[in-house]
Amino acid sequence: MKHLLAGMALALGLAGAAAADPVLGVWKTEPDDGSYAHIQMAKCGAAVCGKIARTFNGGGEYQSPNIGKTLVIDMVPNGNGSYEGKVWRPSNDKIYIGKMDVAGNSLALRGCVAGGLICSKQTWTRVK
């Protein structure tokens, strides 16, 4: 009986690892107003959120006052690497309807207005 329970626990653990969300990890943004950031994507309840972990500009890494702030807000998975939630743009301090799609080491993030009809897009690359 002990072996059966241990085997079931191992199987459940492996299934959980295989089901890890593909968007989790660190992503590099495209430059926006001359700066870019590394965003740490992590679970926030049933959704995914992304916080600014590091910031860079033409002179290299710098200590932005935005470090630690949430840029990707409550992105809920829709399946097939697609998510919907909100996104904050630090350069104008506005929150937009957010959509993102992850495919391997590429993440397409869109901030939208007008009910999602007009969007601005960035493609992020996986750091780790």
Side-chain angles (χ1 to χ4, degrees):
M1 186 66 150
K2 285 183 186 178
H3 295 288
L4 178 63
L5 291 175
M8 288 174 57
L10 178 63
L12 287 172
L14 292 175
D21 198 314
V23 78
L24 301 181
V26 179
W27 297 85
K28 177 184 172 186
T29 69
E30 284 184 26
D32 187 11
D33 290 339
S35 298
Y36 69 93
H38 286 180
I39 308 300
Q40 176 69 55
M41 302 290 263
K43 287 287 197 183
C44 54
V48 173
C49 295
K51 291 189 179 203
I52 300 171
R54 300 172 70 187
T55 51
F56 304 85
N57 61 19
E61 188 169 4
Y62 74 102
Q63 292 300 307
S64 166
N66 293 325
I67 291 176
K69 293 185 179 177
T70 303
L71 184 82
V72 175
I73 307 162
D74 296 329
M75 287 284 187
V76 177
N78 293 328
N80 297 321
S82 173
Y83 301 77
E84 290 186 11
K86 296 178 183 169
V87 62
W88 172 59
R89 185 176 181 196
S91 62
N92 65 4
D93 196 27
K94 293 192 186 242
I95 295 177
Y96 297 93
I97 295 168
K99 298 178 182 185
M100 62 184 190
D101 296 288
V102 64
N105 292 324
S106 181
L107 185 146
L109 180 81
R110 296 175 306 285
C112 307
V113 296
L117 296 175
I118 302 169
C119 300
S120 178
K121 178 182 168 186
Q122 278 200 353
T123 301
W124 297 359
T125 53
R126 187 181 301 276
V127 175
K128 60 179 176 177

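Just so we're clear, the structure is a prediction, and the values are computed from it rather than from any experiment.
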Measuring only between side-chain heavy atoms, which start at C-beta, is [X] closer than 4.5 Å to [Y]?
X      : Y      : answer
Val23  : Leu107 : yes
Thr125 : Ser106 : no
Ile39  : Val26  : no
Asn78  : Glu84  : yes
Ile73  : Val87  : no
Cys49  : Val72  : no

Salt bridge present between Asp32 and Arg89 (N-O < 4.0 angstrom)
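Judged by the 4.0 Å cut-off on N to carboxylate O distance, Asp32 and Arg89 do form a salt bridge.
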
Quick one: do [X] and [Y] end up in the same hydrophobic cluster if we chain Ile, Leu, Val, Met, Phe, Trp and Tyr together by side-chain heavy atoms under 4.5 Å apart?
X      : Y     : answer
Ile118 : Ile97 : no
Tyr62  : Leu71 : no
Trp27  : Ile67 : yes
Leu109 : Ile95 : yes

The test is side chain to side chain contact (heavy atoms under 4.5 Å, CB included); show your working for Asn105 and Trp124 and say whether it passes.
CA-CA 8 Å; Asn105 292 324; Trp124 297 359; over 6 Å; no

Does the [X] side chain pair with the main chain of [Y], one donor and one acceptor, at a distance under 3.5 Å?
X      : Y      : result
Glu30  : Gln122 : no
Thr55  : Ala37  : no
Arg126 : Gly104 : yes
Asn92  : Lys94  : yes

Between Tyr36 and Phe56, what is the ring plane arrangement, given parallel below 30°, perpendicular above 60°, and tilted in between?
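Geometry flag for Phe56 against Tyr36: parallel rings.
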
What heavy-atom pair brings [X] and [Y] nearest, and what distance separates the two atoms?
X     : Y     : result
Asn66 : Pro90 : ND2-CB, 3.5 Å
Ala46 : Pro77 : O-CD, 3.9 Å
Lys99 : Met75 : N-CE, 3.7 Å

What distance separates [X] [atom1] from [Y] [atom2], expressed to the nearest 0.5 Å?
X      : Y      : atom1 : atom2 : answer
Met100 : Arg110 : CE    : CZ    : 10.5 Å
Gln40  : Thr70  : CD    : OG1   : 11.5 Å
Lys51  : Met41  : NZ    : CE    : 13.0 Å
Tyr96  : Ser120 : OH    : OG    : 8.0 Å
Asp101 : Lys121 : CG    : NZ    : 8.5 Å

Run the numbers on Ser64 and Ile52 for side chain to side chain contact (heavy atoms under 4.5 Å, CB included), then give the verdict.
CA-CA 9 Å; Ser64 166; Ile52 300 171; 6.0 Å; no

Taking atom types as modelled, find out whether Asp21 and Tyr83 have a side-chain donor-acceptor pair closer than 3.5 angstrom.
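Tyr83 and Asp21 do have a side-chain donor-acceptor pair below 3.5 Å.
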
Is it the case that more than 12 heavy atoms not belonging to Gln63 sit under 6.0 Å from its CD atom?
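It does not: Gln63 CD has 12 such atoms or fewer within range.
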
